[in-house]
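In what follows, a structure is listed as C-alpha cells, so that the remarks can point back to it.
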Amino acid sequence: MPSQQRTVLLAAPRSFCAGVDRAIEIVEQALALRGGPIYVRKQIVHNTHVVADLEDRGAVFVDELDAVPDGATVVFSAHGVSPAVRSEADRRGLAVIDATCPLVAKVHTEARRFAGRGDTLLLIGHSGHEEVEGTLGEAPGQTVLVESVEDVAEVEVPNPKRVSYLTQTTLAVDETAGIIAALRDRFPALRGPSSEDICYATTNRQDALSAIAGECDLVLVVGSANSSNSQRLVELARRQGTPAHLIDDAGDIQPAWLSGVATIGLTAGASAPPGLVEDVIDHLAPATIVEHEVTREKVRFELPAPLR
C-alpha cells in the first residue's frame, strides 16, 4: 500500500521514562563536572544509540569494575548492582555515582527486608538480565529465580510458610500475573511487595500498545534487542494477533513488512530516544498520524547527591 494511504497509530506514553532520563542525565552531568573519561559499568540503559552518543562525549562503558582504573569515577547503570559490586568499588577507592533507577532500588530494599525475616525469595525475572543479577545478589543464598509458570512446579523451599516473591521491573504484566497466581496456588502463605514491582513506565507502555494493537496490521517497536521492556512490547502485540517487529531505528524497517499494510502501530521502549520515533514516522511518511494516549506521565526522579 502506498505511504500516502497509510495511517500510523502512535501509542502514548512511549520512549524515555523518568528512570532512563535520570540515568542519562547523570552521565552527562558527570562528564560536564569531572570531564572524561567517566566509566560506566554495563550499558547505562539498554539502547545502542544512547550508549554510542555518550561514548562520543567521553563515557567509557565496561563490563566489570576490573576495567576501571583505581580512583576513577564510575557510574552504576540504571539496572542496579549487587552488594558485591558496591563492596569492590569501595575497596578499589572508586568514586561511585549511582544511577540505579529508584524503582529498581525499591526491589533491592524489599529483597533485604524479606530475607531479613527469614523468607525464601522467589524472584520472577529473566536469567542473565542485569537487573535480576543485582537483585539476586542481595540475598543469594535465599533467592530462587522463577522465569515461567512451568518453573513454579520445580521450586523447592525450606519452609512453605516463609515464602515471598519479587519481580523484575520490566516484565509483561499479564504473563507475570499468571506466574504469581501459580505461585500462590503452590504456596498459599506467599507474601509479596506492598506495591507492584513492575514499574509504572513498563505498565503504561504495555497498556498504551494494548489499546491500539488490535486495530493495526503491523506494530513497530523502537528499541534495542537487549531492552527487556521493548521485547515485552513486541510479544504483547503478537499475543494479540498482530505481526510486530523490534527495530533499533528506521533503517531496520524491511519493505516487505509494509506490503499491503494500511495501519501501523508505533511505540518505543522506555530506553529508546524519542527522536528515533520521529525518524520512523519520517521514513514511513504516512497520510495520517493518530496519537492514542492512555495516561500522562509526570514522574521525575532527583539526581543523586554527588550531582545536586
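The chain is numbered in sequence order, starting from 1.
By the 30° and 60° cut-offs, the orientation of the rings of H245 relative to W257 is parallel. Between H79 and H46, the ring-plane angle classifies as parallel under the 30° and 60° cut-offs.
In terms of heavy-atom proximity, C216 sits nearest to I264 at SG-C, 4.1 Å. In plain terms, the two heavy atoms of L220 and I247 that are nearest each other are CB-CD1, 4.3 Å. Closest heavy-atom contact between Q240 and A213: OE1-CB, 3.4 Å. The minimum heavy-atom distance between A139 and A115, with the atom names listed, is CB-CB, 3.6 Å.
In this structure, V45 is not a member of the same hydrophobic cluster as L103, with clusters built from ILVMFWY side-chain heavy atoms closer than 4.5 Å. Under the 4.5 Å side-chain heavy-atom criterion for Ile, Leu, Val, Met, Phe, Trp and Tyr, V85 and F61 are members of distinct hydrophobic clusters. In the hydrophobic cluster analysis, where Ile, Leu, Val, Met, Phe, Trp and Tyr join through side-chain heavy atoms closer than 4.5 angstrom, L94 is grouped apart from V40. Tracing side-chain contacts under 4.5 Å through hydrophobic residues (I, L, V, M, F, W, Y), one never reaches V144 starting from L123; they form parts of separate clusters.
No side-chain heavy atom of H292 sits under 4.5 Å from any side-chain heavy atom of L10.
Residue S227 holds its OG atom at 7.5 Å from NE2 of H129, rounded to the nearest 0.5 Å.
Side-chain polar atoms of S164 and D119 form a donor-acceptor pair below 3.5 angstrom. Side chains of R34 and T73: a donor on one and an acceptor on the other come within 3.5 Å.
By the 4.0 Å N-to-carboxylate-O rule, R296 lies too far from E291 to be salt-bridged with it. Here K42 does not pair with E133 in a salt bridge; the nearest charged N to carboxylate O distance is not below 4.0 Å. Salt bridge status for E110 with R191: absent, with no side-chain N to carboxylate O gap under 4.0 Å. Classification of D90 and R86 as a salt-bridged pair fails, no side-chain N sitting under 4.0 Å from a carboxylate O. A salt bridge between E235 and R232 is present, with a side-chain N of the basic residue lying under 4.0 Å from a carboxylate O of the acidic one. With salt bridges taken as basic N to acidic carboxylate O contacts below 4.0 Å, one links R239 and D174.
Within 6.0 Å of atom CZ in R300, 12 or fewer heavy atoms from other residues, nucleotides or ligands are found, so the atom counts as exposed in its surroundings.
When atom types are taken as modelled, the side chain of Q206 and the backbone of L236 share no donor-acceptor pair closer than 3.5 angstrom.
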